[in-house]
Amino acid sequence: MSEYILEMRDVVFDYPGGIRALNGISMAIEKGKKIAVLGPNGSGKSTLFLHFNGILRPKSGKVFYRGQQIKYHRDYLVNLRKNVGIVFQDPDIQLFAGSVFQEVSFGPMNLGFSIPEVEKRVVEALKACGIEELKHRPTHFLSFGQKKRVSIADVLAMDPEVLVLDEPAAYLDPKHEQKLVELLEELCRKGKQVILSTHDVELAYAWADYVFVLKAGRLAAEGTPQEVFQNETLVKEADLRKPQLLEICDILKQKGFVFNKMPRNIPEFREELLIYVES
Ligand SMILES: Nc1ncnc2c1ncn2[C@@H]1O[C@H](COP(=O)(O)OP(=O)(O)O)[C@@H](O)[C@H]1O
Ligand SMILES: [Mg+2]
């Protein structure tokens, strides 16, 4: 059994018209790690994600799920998509039903669950996304951020093993971004595999166990957030920016502050400060 949940080997993908979106991507996603895929607009994040559940098929190269090469016939894909759920970048592409309830119930209904089970899953998914009050609202009048949360509920209601979220934080206000991060933490605690894409270096640095950096359809770097963001050359070459917390830590280090462990968020930072002050 492979320790990797998803793996790509030399994946090349062209859109019609010969646009090369992925130019030889090899990556292995370790089971149980919180994964962020970072990269500027157009670097290939969405295209990469659509390969994870076989919506797109590589021109060349291979994709593996749990050590098994993905096959592209209907039965295999139906089963794969039960296990790997994708929240699209654009909720307008994902959402199609009239009301939020209809929308979120579609997945579990399709999986053949009983009506009470469907109802239960929908309510839980709406609750997890903080949108219970939107249950009977027509989806097409919702704000972009609300739609984004409905599309996350869509996938949660299916209860897949792997959740792939394409720019889940885009268009969310600070409160809902915080809630999203808490939700992702909880999902990870429950043993779900979460993979997200973002161009937000702060989010990736604070949340992920491991990051992959895309640039122009290629993998520009990978590593722990500390490894990636403390490497000045890499940050520059991959068109990234240093997270603000790291900038602050750099200033403190220049002033003689010694960190036991580079903090990734404010609670960790506070802990380091207290250790320093008390020593
Ligand atoms: N449906 C499409 N048809 C043609 N080109 C596309 C399509 N979707 C994306 N592309 C192109 O593929 C490249 C990668 O895009 P994408 O995967 O959306 O990047 P990202 O998600 O990182 O912004 C870009 O050059 C983009 O213009
Ligand atoms: Mg995208």
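Bear in mind the structure is a predicted one, so any value in this text is a computation, not a measurement.
- When each of Lys34, Glu227, Glu222 is checked for a side chain to side chain donor-acceptor pair (under 3.5 Å) with Tyr210, only Glu222 meets the rule.
- Atom NZ of Lys120 has 12 or fewer heavy atoms from other residues, nucleotides or ligands within 6.0 Å.
- Using a 4.5 Å heavy-atom threshold, the side chains of Gln193 and Ile29 count as touching.
- A single hydrophobic cluster is not seen to contain both Leu134 and Leu156; linkage of ILVMFWY side chains at heavy-atom distances under 4.5 Å, directly or through other members, places them apart.
- His136 is not listed as a side-chain neighbour of Ser99, based on a closest heavy-atom distance of 4.5 Å or more.
- Considering Leu165, Val104, Ile131 in turn, Leu165 is the only one that fulfils the side chain to side chain contact (heavy atoms under 4.5 Å, CB included) rule with Ile152.
- Using the six-membered ring where Trp is involved, Tyr205 and Phe229 have ring planes that are perpendicular, over 60° apart on the 30 and 60° scheme.
- When all heavy atoms of Leu77 and Gly54 are compared, the closest pair comes out as CD2-CA, 4.0 Å.
- Proximity of a side-chain donor or acceptor of Lys253 to a complementary backbone N or O of Ile248 within less than 3.5 Å is not detected.
- How far CE of Met262 is from CG of Leu245: 7.5 Å, rounded to the nearest 0.5 Å.
- To the nearest 0.5 angstrom, Ser197 atom OG is 13.0 Å from Ile35 atom CD1.
- Cluster membership check: Leu172 shares its hydrophobic cluster with Val194, using side-chain heavy-atom separations under 4.5 Å among Ile, Leu, Val, Met, Phe, Trp and Tyr.
- Heavy atoms of other residues, nucleotides or ligands lying less than 6.0 angstrom from NZ of Lys236 number 12 at most.
- Using a cutoff of 4.0 Å between basic side-chain nitrogens and carboxylate oxygens, Glu7 and Lys62 are not scored as salt-bridged.
- Going from atom CD of Gln178 over to atom CG of Asp173 covers 11.5 Å, rounded to the nearest 0.5 Å.
- A salt bridge links Arg121 to Glu117: at least one charged side-chain nitrogen sits closer than 4.0 Å to a carboxylate oxygen.
- Between Leu142 and Val100, some side-chain heavy-atom pair lies under the 4.5 Å cut-off.
- With sequence neighbours excluded, no residue satisfies side chain to side chain donor-acceptor pair (under 3.5 Å) with Arg270.
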What do the steps show when you test Tyr171 against Ser143 for side-chain hydrogen bond (donor to acceptor under 3.5 Å, both in side chains), and what is the final call? CA-CA 9 Å; Tyr171 296 94; Ser143 76; over 6 Å; no
In sequence, state the C-alpha distance, the side-chain angles, and the governing distance for Glu167 and Thr198, and then conclude on side-chain hydrogen bond (donor to acceptor under 3.5 Å, both in side chains). CA-CA 5 Å; Glu167 309 222 10; Thr198 181; 5.8 Å; no
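- Taking NZ of Lys135 as the reference point, atom CD of Gln102 lies at 12.5 Å (rounded to 0.5 Å).
- Leu50 and Tyr65 fall within a single hydrophobic cluster, where Ile, Leu, Val, Met, Phe, Trp and Tyr side chains are chained together by heavy-atom contacts under 4.5 Å.
- Atom CG of Leu234 and atom CG of Leu240 lie 7.0 Å apart (nearest 0.5 Å).
- Linking Ile, Leu, Val, Met, Phe, Trp and Tyr residues whenever their side-chain heavy atoms come within less than 4.5 Å places Val37 and Leu6 in a single cluster.
- Counting all heavy atoms, side chain and backbone alike, Glu177 lies closest to Asp200 at OE2-OD2, 3.9 Å.
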Test salt bridge (Lys or Arg N to Asp or Glu O under 4.0 Å) applied to Lys127 and Glu124, step by step: CA-CA 5 Å; Lys127 203 168 148 201; Glu124 275 173 11; over 6 Å; no
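- Other residues, nucleotides and ligands contribute at most 12 non-hydrogen atoms within 6.0 Å of the CZ atom of Arg218.
- Looking at Ile195 and Leu163, their side chains never come closer than 4.5 Å, going by heavy atoms from C-beta outward.
- Side-chain contact between Val150 and Leu95 is present, with heavy atoms from C-beta onward closer than 4.5 Å.
- Between Asp92 and Lys147, at least one side-chain N (NZ, or NE/NH1/NH2) sits under 4.0 Å from a carboxylate O, which counts as a salt bridge.
- Nearest approach of Val213 to Ala238, heavy atoms of both residues: CG1-CB, 3.7 Å.
- Within the cation-pi definition used here (under 6.0 Å to the ring centroid, within 45° of the axis), Arg9 qualifies as a partner of Phe64.
- Taking the six-membered ring where the residue is Trp, the centroids of Phe49 and Phe88 are separated by 6.0 Å or more.
- A pairwise comparison of heavy atoms in Asn83 and Pro160 identifies O-CB, 3.5 Å as the closest pair.
- Ion pairing between a basic and an acidic side chain is recognised when a charged N comes within 4.0 Å of a carboxylate O; Lys179 and Glu182 show no such pairing.
- Nearest heavy-atom pair across Met158 and Arg81 is CE-O, 4.5 Å.
- Annotation for Ser26 and Leu219: closest pair O-CD2, 3.4 Å, computed over non-hydrogen atoms.
- When side chains are defined from C-beta on, Tyr4 does not count as touching Lys31, because their heavy atoms never get closer than 4.5 Å.
- Between Ile25 and Leu214, the closest side-chain pair of non-hydrogen atoms falls below 4.5 Å.
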Test salt bridge (Lys or Arg N to Asp or Glu O under 4.0 Å) on Arg137 and Glu103 and set out the steps. CA-CA 11 Å; Arg137 293 269 292 275; Glu103 176 64 46; over 6 Å; no
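- Judged purely by atom type and a 3.5 angstrom limit, Glu202 uses its side chain to pair as donor or acceptor with the backbone of Gln244.
- Aromatic ring orientation, Tyr76 versus His73: perpendicular (interplanar angle above 60°, classes split at 30° and 60°).
- Using a cutoff of 4.0 Å between basic side-chain nitrogens and carboxylate oxygens, Asp159 and Lys192 are scored as salt-bridged.
- No chain of hydrophobic side-chain contacts below 4.5 Å, direct or via other Ile, Leu, Val, Met, Phe, Trp or Tyr residues, connects Met8 to Val12.
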Please report the C-alpha distance between Lys242 and Glu232 in whole Å, then the side-chain angles of each, then the deciding distance to 0.1 Å, and finally whether the salt bridge (Lys or Arg N to Asp or Glu O under 4.0 Å) criterion is met. CA-CA 8 Å; Lys242 234 185 192 185; Glu232 309 270 349; 2.9 Å; yes
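- With respect to the salt-bridge test (charged N to carboxylate O, under 4.0 angstrom), the residues Arg66 and Glu161 qualify.
- Interatomic distance, CG of Asn23 versus CG of Asp14, reported as 8.5 Å (0.5 Å rounding).
- Side chains of Ser105 and Phe113 form no contact here, defined as non-hydrogen atoms less than 4.5 Å apart.
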